[in-house]
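Throughout, protein chains are lettered first and strands after them, A, B, ... in sequence-line order, and every chain is numbered starting at 1.
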Amino acid sequence: MNTWQTLQSDLTDQGYIAPDDLAMALHIAVSLNRPLLLEGAAGVGKTEIARALAAVKDAHLIRLQCYEGLDAAHAIYEWNYQRQLLAIRASAERGETGKDVEARIFSEEYLLERPLLQAIRQDEPPVLLIDEIDRADEEFEAYLLEILSDFQVTVPELGTLHAVSKPYVILTANGTRDLSDALRRRCIYAHVDYPDRATELAILDARCPQIEATLAGQIVGFVQALRKEELEKTPGIAEMLDFAAALCGLGINDLNDDPVALQATLGTLLKTRADRAAIPNEVAQRLAGKAA
Amino acid sequence: MSRVTRFAARDPGIAARMAGFIVHLRENGLKLGVGETEVALNALAHVAAADPKETRLALKAVCTSSADDAARFDELFQSYWMNGGRVKARIAPTNDATKREDTRSSLMDEGQSTGKTGKVHSPDGADGEGDTAGDGTGKLVASSLQNLMKKDLRDLVDPQDIAAAEVVARKLAAAIRDRRSRRRKAARKGDQIDFRRVMRRSMASGGEPLHLPRKRRPERPVQITALCDVSGSMSVYARVFLAFLSGLMRADDTTDAYLFHTRLVRVTDALRDDDPLRSLNRLTLLSDGFGGGSKIGENLDQFARTYARRFVTGRSVVIIFSDGYDTATPDAVGDALKRLKRRGCRVIWLNPLKGWAGYEPTSKAMAAALPHLDLFAAANTLETLAALEPELAKI
């Protein structure tokens, strides 16, 4: 039986603890073959879920990192101009006709597949992760809409390339720009929040099983208290895991034992100077004391 | 309360109910098309549809498309499927009903006081301009007095006002917006060829320039974010400000707009709707509590913590239209503005009362706000707004 609970427990086996609504959204997206749009603050595990899903489905993960100015040539396909040029020169020496040359240099051999085209041309459906879609500009969003709705790419010289298999598409965004309604409507949506205490404990346990329960409780309590403070960059899950790893590496068993070590490891959680200044030593110790 | 809704016996089945639910969501402002009904039904085939929790989670994934939607969805789901037999057409925001009761009483007083004093305090028409300025306010006060009690925004914006405000708004937007960056940057559709890059790129192809990279001066426009107070005390001016807002929105498609009274509502999408009638309908839907009390501090704080993180940057100008009469503590206003300023934006406060002769920013909230403002100006008529142009160009 293929339910969202099985998916949730499969993800757990891969070390990804998904809250109910996220697991359900993923299940629906996979069952209905629709893209999944994940929104949420940085560091809540949006990108990670694509990795976990790829592991669960035993599929390739194809990742497209978006950035300002990303265009079709970098996301979909590009002709290999250098090879084409060489081919033209070589054929001129051999005396091939123009038509033959043209047919040759505009064949798939000379086509460079970029992530989006690559994703629809796999025999087995891969997981396509389109990361930080809000960083790309709106023109690119329009390209993406065509691919997400029809799973086909039109190359003027070659014709339309249809999907061999439909990839599982996951898009992530963290609010650099508001996304268009058209894109939102094509997608199944889930908003990912910072995890609650129980979930975060489970994540820590899944990733760093060697940490004892008391220290784990302290770490999670401390990080959760830190998130309530006013910080420029709120520490995410990755930061929490780094913090735990750092404490582990220093061989600390109790957060309150060693204020110096706590100070030293705070660098894994607070990543700007202003944040570091906002949490002076006394505050950090008070938070750690409360977390115990 | 969580009893499953009992539908009428002649109810045609699950498809119709789902269609009903989609309509219910649409009426509450979620953006859903016809396709979603089908997707929602398909989604139910993949979960245990008899279990309310599963159904809720599944429909949530399908029907919501933003964080705001997601936050409201559970409530809407409850009201349609779980209300014990009665399907409400529209639900009121939960926490407002009670709060508004007690805040309105105090603010109605203020609202009336502005109405009464309208004649006494003529706008501060310095020198020759008194005539035209007087005309403008007289019309505004008269028309807004009659709908002081009527909260429908439909009556608060009419085509002439929009047209007049639009002209002013366009001018102001142009004054605020920066021209262009001085440096040239690589660009796909540049006006000049970037020869330096051409040379470098052609090395790889044996000296043949295959690519002609281009460059141009990128636009560095300033983004305008407008927050408009529509509480009771401001209702006299709401008309002109709303018109002005929609003018701003039309002048520039990166402008962002919010209304606030007891709570904060983002109206960017509603104001930008192509169809003016539908736009007004959406505004009306959003404006539950229009004309009630205002909690400036709380709303600004909420804005600084939520929307500002997404939409306000160092290139933003935040315009606040408010009279500074706050029902909550004044300190909150100062703190919220301080937090907002930390994002590097510039803050302009347009206060209609400042246009009156002998006005001093005595209201505590206003006094708390003053040190954080880049510009504090009068805005009681369209004329005074238009006169702001040179000052806005300076900041």
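- With respect to chain B, the highest number of heavy-atom pairs below 4.5 Å among A:I188, A:D193, A:L36 belongs to A:I188.
- Your options are B:A67, B:A48, B:C63, and the one with the most heavy-atom pairs under 4.5 Å with chain A is B:A67.
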Legend entry - Residues B:E54, A:H27; criterion side chain to side chain contact (heavy atoms under 4.5 Å, CB included); working and verdict: CA-CA 11 Å; B:E54 287 203 17; A:H27 171 67; over 6 Å; no
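- Using a 4.5 Å cut-off between heavy atoms, B:T268 does not touch chain A at all.
- The number of heavy atoms from other shown groups lying within 6.0 Å of CZ (A:R94) is above 12.
- Within the 4.5 Å cutoff, side-chain heavy atoms of A:R185 are placed close to those of B:E36.
- Ion pairing between a basic and an acidic side chain is recognised when a charged N comes within 4.0 Å of a carboxylate O; A:D21 and B:R56 show no such pairing.
- Between B:S66 and A:E39 the shortest heavy-atom distance is CA-OE1, 4.2 Å.
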Legend entry - Verdict with reasoning, B:R339 to A:E230, per side chain to side chain contact (heavy atoms under 4.5 Å, CB included): CA-CA 10 Å; B:R339 180 166 303 124; A:E230 264 176 50; 2.7 Å; yes
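- With contacts defined as side-chain heavy-atom distances shorter than 4.5 Å, the pair A:I28/B:N42 does not qualify.
- Side-chain contact check for B:K53 versus A:M24: every heavy-atom pair is 4.5 Å or farther apart.
- Here A:Y189 contributes atom OH and B:K60 contributes atom NZ; the two are 9.5 Å apart, rounded to the nearest 0.5 Å.
- Within 6.0 Å of CD on B:E38 lie no more than 12 heavy atoms contributed by other residues, nucleotides or ligands.
- Options B:L32, B:T64, B:V62, B:V47 differ in how many heavy-atom pairs under 4.5 Å they form with chain A, and the most are formed by B:T64.
- Few gaps surround CZ on A:R83; more than 12 heavy atoms of other groups in view lie less than 6.0 Å from it.
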Inset, instruction - Starting from the C-alpha separation in whole Å, work towards a yes-or-no answer on side chain to side chain contact (heavy atoms under 4.5 Å, CB included) for B:K31 and A:R184. - result: CA-CA 9 Å; B:K31 289 177 198 109; A:R184 285 181 186 278; over 6 Å; no
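- With a threshold of 4.5 angstrom between heavy atoms, B:A70 approaches chain A through side-chain atoms but not through N, CA, C or O.
- By the neighbour-count criterion of 12 heavy atoms within 6.0 Å, atom OH of A:Y143 is sparsely surrounded, having that number or fewer from other residues, nucleotides or ligands.
- Heavy-atom contacts from other residues, nucleotides or ligands closer than 6.0 Å to NZ of B:K341 number more than 12.
- Shown here is B:K338, whose NZ atom has no more than 12 heavy atoms of other residues, nucleotides or ligands within 6.0 Å.
- Considering only residues two or more places apart in sequence or on other chains, B:F303 meets the ring-ring contact (aromatic ring centres under 6.0 Å, His included) condition with B:Y258.
- Applying the side-chain contact (heavy atoms from CB on, under 4.5 Å) criterion to A:L86, with sequence neighbours excluded, gives no partner residue.
- Going from atom OG of B:S65 over to atom CZ of A:R186 covers 12.5 Å, rounded to the nearest 0.5 Å.
- Other residues, nucleotides and ligands place no more than 12 heavy atoms under 6.0 Å from the CD atom of A:E102.
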